K.L.:
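Handing you this structure, nothing more for now.
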Amino acid sequence: MKAVAVLPGSHEVKVIEQEAPRISEPDQVALRMLDIGICGTDKEICSFEYGTPPPGEDHLVIGHESVAEVVGVGTAVERFRLGDLVVPSVRRPCPHPGCLACRSEHQDFCYTGDFTERGIKEAHGYMTEYVVDHERYMNVVPPGLREIAVLAEPLTIAEKALSQIFWIMQRRPPWLDPQTPIQERGRGLSALVLGVGPVGLLGAMTLATAGFTTYVYSREVPPNPRIDLVSAIGATYVSSQTVTFPHLAAQMGNIDLIYEAVGHSHFALQALQVLGTNGVFVLTGVPGLQAFIEADPAHLMRNMVLKNQVLLGTVNAGPEAFAAALRDLDAFRRRWPAVVRTLIAGRYPPEQAADLILGRPTGIKTVIAFDAPP
Ligand SMILES: [Zn+2]
Ligand SMILES: [Zn+2]
């Protein structure tokens with residue numbers, strides 16, 4: 001069967017042939033991979049800045065955003081039958097008995113750093129025709145979500161962040177009544193999303209669905225389909241080319257939540273200065289090396305203390321976040337059917353994967369499908 005792999009030794013990204021995996025343990029499922037999304041992490045891996053093959057191997061099969069069909073089940077599998085759709089999670093627990101996070105199935109909070117991640121760190125990924133994995137790492141996909149379920153994994157970033165801060169929000173008098181249902185947790189609050197990549201746009205959709213008055217701020221200027229998407233979900237787009245952070249803050253009023261999805265440290269630092277009283281700042285982007293800048297940490301620290309601010313970093317994601325992502329994808333589909341149809345930019349065969357990953361992204365999410373016409 002075919003797979004798309006990086007070979008760090010020879011600096012290659014190519015389609016390789018390898019043997020199809022077989023079920024060897026009773027709790028395993030065999031999957032036929034349907035869609036595999038590509039993202040900035042794949043770009044870093046294919047630029048050899050990130051990513052590690054499994055120990056003793058010279059290549060890493062990439063791909064971590066996916067949806068698959070169950071085509072085989074071990075004798076002890078309980079939750080799945082042939083033909084079911086699943087989104088596999090990415091991170092697998094570290095082996096250390098003392099890691100409380102991994103031992104309680106919360107490997108997204110692993111203490112040791114010795115976790116593996118399929119398609120990223122020491123475990124092969126999903127950009128291949130067939131995969132075998134344990135049932136417990138699979139998330140059930142309702143059949144109506146076949147076309148967009150590949151977005152569940154990138155959406156878990158927003159879902160995990162929101163579930164983390166919901167707990168904080170409920171304990172802040174100006175924010176939420178503890179009785180507020182989770183679907184309305186953003187009611188009366190404002191949110192600012194930084195960036196219009198897939199993580200930013202999916203974050204904006206999640207925040208708007210949760211009732212936040214949502215702004216999206218990025219350097220793009222109209223006409224741009226990503227800006228059109230922001231308008232179509234009822235959010236307000238503001239370009240950093242024409243409006244500065246202080247002017248944006250004046251327009252928005254108290255900024256209750258900033259959701260950073262750019263991965264640029266200077267930009268994030270500027271945004272932190274306009275976070276409102278009792279505000280939460282969520283960092284999701286992983287910056288590469290950037291130039292040193294002058295900053296005013298005393299001003300930032302003063303704000304954080306005197307305004308009760310929270311700074312939260314978050315990396316995806318556990319089973320609850322996957323379940324929430326799949327629920328929200330269904331909500332998006334009902335609420336904005338025309339928008340949802342534009343989220344998948346196209347499905348391409350694996351032979352085009354390297355060019356698509358390393359080239360400039362077009363559309364929102366580009367997908368590799370092994371049955372796509374060449
Ligand atoms: Zn990704
Ligand atoms: Zn661990």
Side-chain angles (χ1 to χ4, degrees), residues 4 6 13 33 35-47 49-52 60-68 87-128 136-137 139 148-161 195-203 205-206 259-263 283-288 314-319 321-322 325-326 329 343-345 348 353-354 356-359 361 363-369:
V4 179
V6 290
V13 183
M33 303 314 297
D35 288 341
I36 307 97
I38 62 179
C39 76
T41 301
D42 297 308
K43 187 169 190 166
E44 287 177 10
I45 296 171
C46 291
S47 311
E49 293 166 14
Y50 199 61
T52 322
L60 172 73
V61 175
I62 60 171
H64 57 276
E65 305 177 1
S66 70
V67 56
V87 169
S89 63
V90 178
R91 193 180 279 193
R92 301 291 178 267
C94 78
H96 304 290
C99 182
L100 289 179
C102 288
R103 298 292 71 78
S104 62
E105 294 177 20
H106 290 91
Q107 50 266 25
D108 51 322
F109 290 94
C110 177
Y111 282 101
T112 69
D114 290 338
F115 54 81
T116 60
E117 286 173 326
R118 294 203 66 152
I120 302 172
K121 181 174 180 283
E122 296 166 15
H124 290 308
Y126 301 126
M127 204 174 285
T128 183
R136 62 181 171 279
Y137 301 126
N139 303 284
I148 52 172
V150 69
L151 297 168
E153 198 277 341
L155 179 55
T156 58
I157 299 168
E159 299 291 356
K160 178 176 167 183
V196 289
V199 173
L201 290 174
L202 290 169
M205 293 173 83
T206 310
Y259 183 79
E260 182 280 331
V262 178
L283 290 162
T284 77
V286 182
T314 180
V315 67
N316 67 343
F322 275 91
L326 287 157
L329 280 178
L343 292 175
I344 305 294
Y348 301 91
L356 290 165
I357 291 168
L358 293 166
I364 312 296
K365 179 59 70 182
T366 298
V367 165
I368 300 301

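Given the structure is predicted, the values throughout are model-derived calculations rather than measurements. Start at 1 and go down the list; that is how both ligands and their atoms are numbered.
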K.L.:
Using 2.8 Å as the cut-off, note every protein N, O or S atom close to the Zn ion (ligand 2).
P.N.:
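As for protein N, O or S atoms lying under 2.8 Å from the Zn ion (ligand 2), they are C94 SG, C99 SG, C102 SG, C110 SG.
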
K.L.:
Determine how many protein N/O/S atoms sit closer than 2.8 Å to the Zn ion (ligand 1), leaving waters out since they are not shown.
P.N.:
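Every protein N, O or S atom under 2.8 Å from the Zn ion (ligand 1) counted, the figure is 3.
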
K.L.:
So, T156 side chain and F322 main chain: donor-acceptor pair closer than 3.5 Å or not?
P.N.:
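Flag not set: sc T156 to bb F322 has no pair under 3.5 Å.
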
K.L.:
Between N139 (side chain) and V87 (backbone), is there a donor-acceptor pair under 3.5 Å?
P.N.:
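Looks like yes, one N/O pair under 3.5 Å.
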
K.L.:
Looking at E260 and G263, would you say the former's side chain and the latter's main chain have a donor-acceptor pair under 3.5 Å?
P.N.:
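A pair under 3.5 Å: yes.
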
K.L.:
Take K365 and E65 through the test salt bridge (Lys or Arg N to Asp or Glu O under 4.0 Å) and record every step on the way to the result.
P.N.:
CA-CA 10 Å; K365 179 59 70 182; E65 305 177 1; 2.8 Å; yes

K.L.:
Short question: side chain of H64, backbone of G119 - any donor-acceptor pair under 3.5 Å?
P.N.:
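Between the backbone of G119 and the side chain of H64 there is no qualifying donor-acceptor contact (under 3.5 Å).
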
K.L.:
Mark yes or no for whether H106, through its side chain, and S104, through its backbone, hold a donor-acceptor pair below 3.5 Å.
P.N.:
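Side chain of H106 to backbone of S104: a pair is present.
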
K.L.:
Please answer whether the main-chain N or O of E117 pairs with a side-chain N or O of R92 as donor and acceptor at a distance below 3.5 Å.
P.N.:
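Checking the backbone N and O of E117 against the side chain of R92, no donor-acceptor pair under 3.5 Å is found.
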
K.L.:
Between Y348 (side chain) and T366 (backbone), is there a donor-acceptor pair under 3.5 Å?
P.N.:
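No, because the side chain of Y348 does not come within donor-acceptor range (under 3.5 Å) of the backbone of T366.
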
K.L.:
Checking the side chain of K160 only, and the main-chain atoms of V315 only, is there a donor and an acceptor separated by less than 3.5 Å?
P.N.:
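Flag set: sc K160 to bb V315 pair under 3.5 Å.
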
